[in-house]
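What follows is a set of notes on a single structure, which appears directly below.
No hydrogens, no waters, no symmetry mates; every other heavy atom, side chains included, goes into these values. In the text below, chain A, chain B and the rest are named by the order of the sequence lines, each starting its count at 1.
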Number of protein chains: 2
Amino acid sequence: MQGELKIQETTQRKPKPDTANLSFGVYMTDHMFTMDYKKGEGWHDAKIVPYGPIPMDPAAKVFHYGQTIFEGMKAYMGEDGDIRLFRPEKNFERFNRSCRRMSIPEIDESFVLQALKELIKLDRSWVPSAPGTSLYIRPFAIATENHLGANPSLSYKMMIILSPVGAYYAEGLNPVRIHVETRDVRAVAGGVGEAKTAGNYAASMQAQENAYGAGYSQVLWLDGVHRKYVEEVGSMNVFFRIGDRIVTPSLSGSILNGITRDSSIQMLRDFGFEVEERPVTIDELSAFAEDGTLLEAFGTGTAAVVSPIGEIGWNGKTFKIGGGETGEWTRRLYDELTALQRGDIEDRFGWTEVICSAETTQG
Amino acid sequence: MQGELKIQETTQRKPKPDTANLSFGVYMTDHMFTMDYKKGEGWHDAKIVPYGPIPMDPAAKVFHYGQTIFEGMKAYMGEDGDIRLFRPEKNFERFNRSCRRMSIPEIDESFVLQALKELIKLDRSWVPSAPGTSLYIRPFAIATENHLGANPSLSYKMMIILSPVGAYYAEGLNPVRIHVETRDVRAVAGGVGEAKTAGNYAASMQAQENAYGAGYSQVLWLDGVHRKYVEEVGSMNVFFRIGDRIVTPSLSGSILNGITRDSSIQMLRDFGFEVEERPVTIDELSAFAEDGTLLEAFGTGTAAVVSPIGEIGWNGKTFKIGGGETGEWTRRLYDELTALQRGDIEDRFGWTEVICSAETTQG
């Protein structure tokens with residue numbers, strides 16, 4: 001179907017950014033992967049080429065009807081100098097789940113994962129190694145048919161671009177203040193909240209901007225039907241430590257099935273903690289905060305990995321969590337998960353895969 | 001702010017398509033309008049240039065976070081050979097309402113409307129005149145900042161492209177069969193259903209494809225909270241004639257505030273018919289169909305103008321409307337509204353504006 005992977009290497013490597021000031025998603029590496037789809041022909045013309053602009057017809061469906069999906073994943077270089085991927089097959093599985101929801105043709109997961117490995121090898125000198133840094137990987141697909149009609153496109157482009165990144169939140173592991181959104185809704189059951197598609201993010205920006213304006217870092221999203229069940233924080237899944245249990249919203253159909261969420265649940269259980277996946281209401285959390293049993297809260301996602309929550313603002317009230325400090329369990333999860341991702345501790349879960357050994361990396 | 005409009009005329013006009021086979025949104029005219037936005041600088045570099053591809057960075061936010069909005073409107077050439085716009089100021093008002101919801105900077109409505117008129121004048125030879133045909137106008141804005149971060153873009157491109165179109169539905173004014181969607185949700189109150197933004201259309205494609213597969217032309221959307229209130233049909237507003245009243249869903253926050261909807265309400269009232277805007281449940285419609293009082297149903301939108309509905313499929317049952325024929329009131333609305341748009345009858349509402357008179361059009 002997509003045939004052989006062609007590689008066209010750049011003749012002019014770009015200067016690398018200062019790894020102390022990487023920020024997030026600003027710098028792109030020297031190469032990118034692209035593959036095209038045409039109805040009747042399938043995915044074809046898979047190639048790695050120098051990073052650069054793509055010509056788009058103004059009538060391309062992605063601009064008008066939003067048929068697009070993406071993934072977010074990372075490659076890490078730890079103390080041993082090896083470059084590792086973290087559960088990449090889970091991202092490509094989810095890529096295809098998102099494809100199905102958005103009527104985009106599925107990709108050959110193992111072919112594209114292999115192409116990603118080739119791409120990273122070619123741009124291995126871009127993988128930063130300082131603590132908190134990594135190579136962010138963005139696979140995505142866009143509808144390219146030039147036709148003003150709101151039905152699925154007959155052609156698509158799938159790409160992977162790479163960006164060396166620092167910590168997602170400049171605040172680092174400092175707990176953030178989050179604002180419970182009571183007007184806007186990010187996603188609803190039956191909608192596309194489970195798919196990693198552009199529209200979910202566009203829908204969230206107004207509330208996010210309002211939260212910033214009111215001095216908060218993130219939005220805590222409630223469900224769109226009852227407006228009381230907690231769903232996500234910003235674009236992360238959310239966890240609460242209530243006494244000696246950890247609670248995270250169950251996947252309701254409007255919550256993204258996060259790979260860091262899943263990894264966190266497994267790791268927390270491995271630590272010996274009890275983790276419950278169940279519906280959680282904001283009233284409940286407010287009551288637990290009041291009686292002193294809401295001890296910790298954090299978001300999980302590929303970008304930030306684990307992001308502690310220190311305070312929640314809701315309908316004019318605020319409640320502090322864990323005295324506004326990063327909780328003990330939150331820190332332990334962050335430390336172990338990031339150490340495992342970087343290869344600094346043993347991978348007892350089998351989640352990581354070395355794709356470039358230190359010798360080839362430095363070569 | 002955006003300065004003067006620059007015009008760069010093409011040196012090579014494209015051949016025109018056969019007006020008998022225009023289809024919808026397939027052919028683009030010779031020119032397009034573009035204007036750029038940069039934070040701190042505002043909208044600038046407004047120009048009309050030859051139609052062609054735009055170079056896009058693969059990290060442009062529109063591809064990843066879906067920050068994009070659009071409008072749909074038409075220019076008509078009727079029996080007198082004049083070219084008319086239909087309530088264009090309403091489209092640009094809504095463009096800016098959509099901008100606000102999607103955190104996109106607003107445009108200067110009168111400047112852009114003036115630019116649209118210049119664009120149409122330049123491409124006036126593309127405006128078809130056969131009954132059912134028109135020049136479809138697609139203003140849109142996309143986020144262009146190259147940054148993988150889900151916050152509002154710091155740069156945007158606003159464009160207008162033009163496409164000579166035939167009837168939106170190949171079926172013409174033949175009544176279509178529609179399918180009540182009970183699993184997927186198009187939009188929910190608090191979401192972005194009121195904004196004309198790409199994500200709403202992407203979210204609707206799966207259900208639309210399933211409806212096609214089951215032999216239906218369109219989806220009838222229910223609300224996302226109670227799953228019983230009728231919202232839209234396909235991407236149109238929906239009207240029902242129940243006895244001697246016309247009922248259309250009230251704007252709930254998740255329904256697009258259609259300009260053809262508003263025009264239809266005004267025109268139907270002008271005919272002397274009673275029009276109610278109120279919540280309408282699917283159970284109610286089913287009961288009215290059963291007792292014989294559901295006499296007509298139709299969708300309204302810029303593309304199709306008025307589209308009669310002959311049959312509704314819901315949970316395995318089907319009910320015919322008006323014996324499956326186009327209703328008398330539906331046909332009268334279609335005939336008068338399209339005649340008014342084309343300038344074939346007097347415009348007693350003041351909705352149309354001649355932007356090219358017959359002499360300049362044929363010149």
Side-chain angles (χ1 to χ4, degrees), chain A residues 24-26 28 32 34 51-59 62-68 70 72 100-103 136 138 140 142 146-152 159 161 163 165 183-192 197-206 208-209 224-225 227 234-235, chain B residues 24-26 28 32 34 51-59 62-68 70 72 100-103 136 138 140 142 146-152 159 161 163 183-192 197-206 208-209 212 224-225 227 234-235:
Chain A
F24 196 95
V26 173
M28 302 298 149
M32 62 187 190
T34 88
Y51 186 93
I54 46 174
M56 293 288 297
D57 192 283
V62 63
F63 295 141
H64 305 274
Y65 308 115
Q67 228 193 335
T68 174
F70 70 91
R100 288 194 289 275
R101 178 63 183 88
M102 307 313 291
S103 306
Y136 185 74
R138 172 57 59 90
F140 66 105
I142 56 176
N146 310 328
H147 173 217
L148 300 178
N151 48 6
M159 304 184 74
I161 57 177
S163 174
V165 299
R183 185 188 59 174
D184 288 359
V185 170
R186 189 195 78 94
V188 69
V192 295
T197 184
N200 292 328
Y201 298 83
S204 73
M205 288 186 187
Q206 173 177 265
Q208 181 67 62
E209 288 300 288
V225 174
R227 301 289 187 107
S235 52
Chain B
F24 195 94
V26 173
M28 303 297 150
M32 61 187 189
T34 88
Y51 185 93
I54 47 173
M56 293 290 295
D57 193 284
V62 62
F63 295 142
H64 305 273
Y65 307 115
Q67 228 193 333
T68 175
F70 70 89
R100 288 193 289 276
R101 178 63 183 89
M102 307 313 291
S103 305
Y136 184 74
R138 171 58 57 91
F140 65 106
I142 55 176
N146 311 328
H147 173 218
L148 300 179
N151 46 7
M159 303 183 74
I161 57 178
S163 174
R183 185 187 61 172
D184 289 359
V185 170
R186 189 195 77 94
V188 68
V192 295
T197 185
N200 292 328
Y201 298 83
S204 73
M205 289 186 185
Q206 173 178 266
Q208 180 67 63
E209 289 301 287
Y212 280 144
V225 174
R227 302 289 188 108
S235 52

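The part of B/Ile161 that comes within reach of chain A is its side chain, from C-beta onward, which places non-hydrogen atoms under 4.5 angstrom from that chain. Looking at A/Phe63, the atoms closer than 4.5 Å to chain B (heavy atoms on both sides) sit in the backbone and in the side chain alike. Using a 4.5 Å cut-off between heavy atoms, B/Arg227 touches chain A through its side chain atoms alone. Of the two parts of A/Ile54, the backbone and the side chain both hold a non-hydrogen atom closer than 4.5 Å to a non-hydrogen atom of chain B. The contact between B/Gln67 and chain A is made by backbone and side chain atoms together, counting heavy-atom distances below 4.5 Å. For A/Asn146, the part sitting under 4.5 Å from any heavy atom of chain B is the backbone (N, CA, C, O) and nothing else. For B/Arg138, the part sitting under 4.5 Å from any heavy atom of chain A is the side chain, from C-beta outward, and nothing else. The part of A/Met28 that comes within reach of chain B is its side chain, from C-beta onward, which places non-hydrogen atoms under 4.5 angstrom from that chain. B/Asp184 touches chain A through backbone and side chain together, each having a heavy atom under 4.5 Å away. When heavy atoms are compared at a cutoff of 4.5 Å, B/Met159 approaches chain A solely by way of its side chain, counted from C-beta outward.
With sequence neighbours left out, the ring-ring contact (aromatic ring centres under 6.0 Å, His included) criterion links A/Tyr201 to A/Phe70, B/Tyr65.
The shortest non-hydrogen separation linking B/Ser163 to B/Gly25 is OG-CA, 3.4 Å.
Options A/Thr68, A/Asp57, A/Asn200, A/Val192 differ in how many heavy-atom pairs under 4.5 Å they form with chain B, and the most are formed by A/Asp57. Ranked by heavy-atom pairs shorter than 4.5 Å toward chain B, the options A/Gly66, A/Ala189, A/Gly190, A/Gly72 are led by A/Gly190. Options A/Gly224, A/Ala203, A/Gly52 differ in how many heavy-atom pairs under 4.5 Å they form with chain B, and the most are formed by A/Ala203. Among A/Ala187, A/Gly199, A/Ala59, the residue making the largest number of heavy-atom pairs under 4.5 Å with chain B is A/Ala59.
Checking side-chain atoms of B/Arg101 against main-chain N and O of B/Gly191 turns up a donor-acceptor pair under 3.5 Å. For B/Ser103 (side chain) and B/Pro152 (main-chain N/O), no donor-acceptor pair under 3.5 Å exists by modelled atom type. The main-chain N or O of B/Gly149 is never found under 3.5 Å from a side-chain atom of B/His64 such that the two would form a donor-acceptor pair.
Proximity of A/His147 to B/Val26: side-chain heavy atoms (C-beta onward) are separated by under 4.5 Å at one or more points. Here the side chains of B/Asn151 and A/Met205 are not in contact, with every heavy-atom distance at 4.5 Å or above. Between A/Arg183 and A/Gln206 there is a side-chain heavy-atom pair separated by less than 4.5 Å.
The CZ atom of B/Phe140 sits 8.5 Å away from the CG atom of A/Leu148 when rounded to the nearest 0.5 Å.
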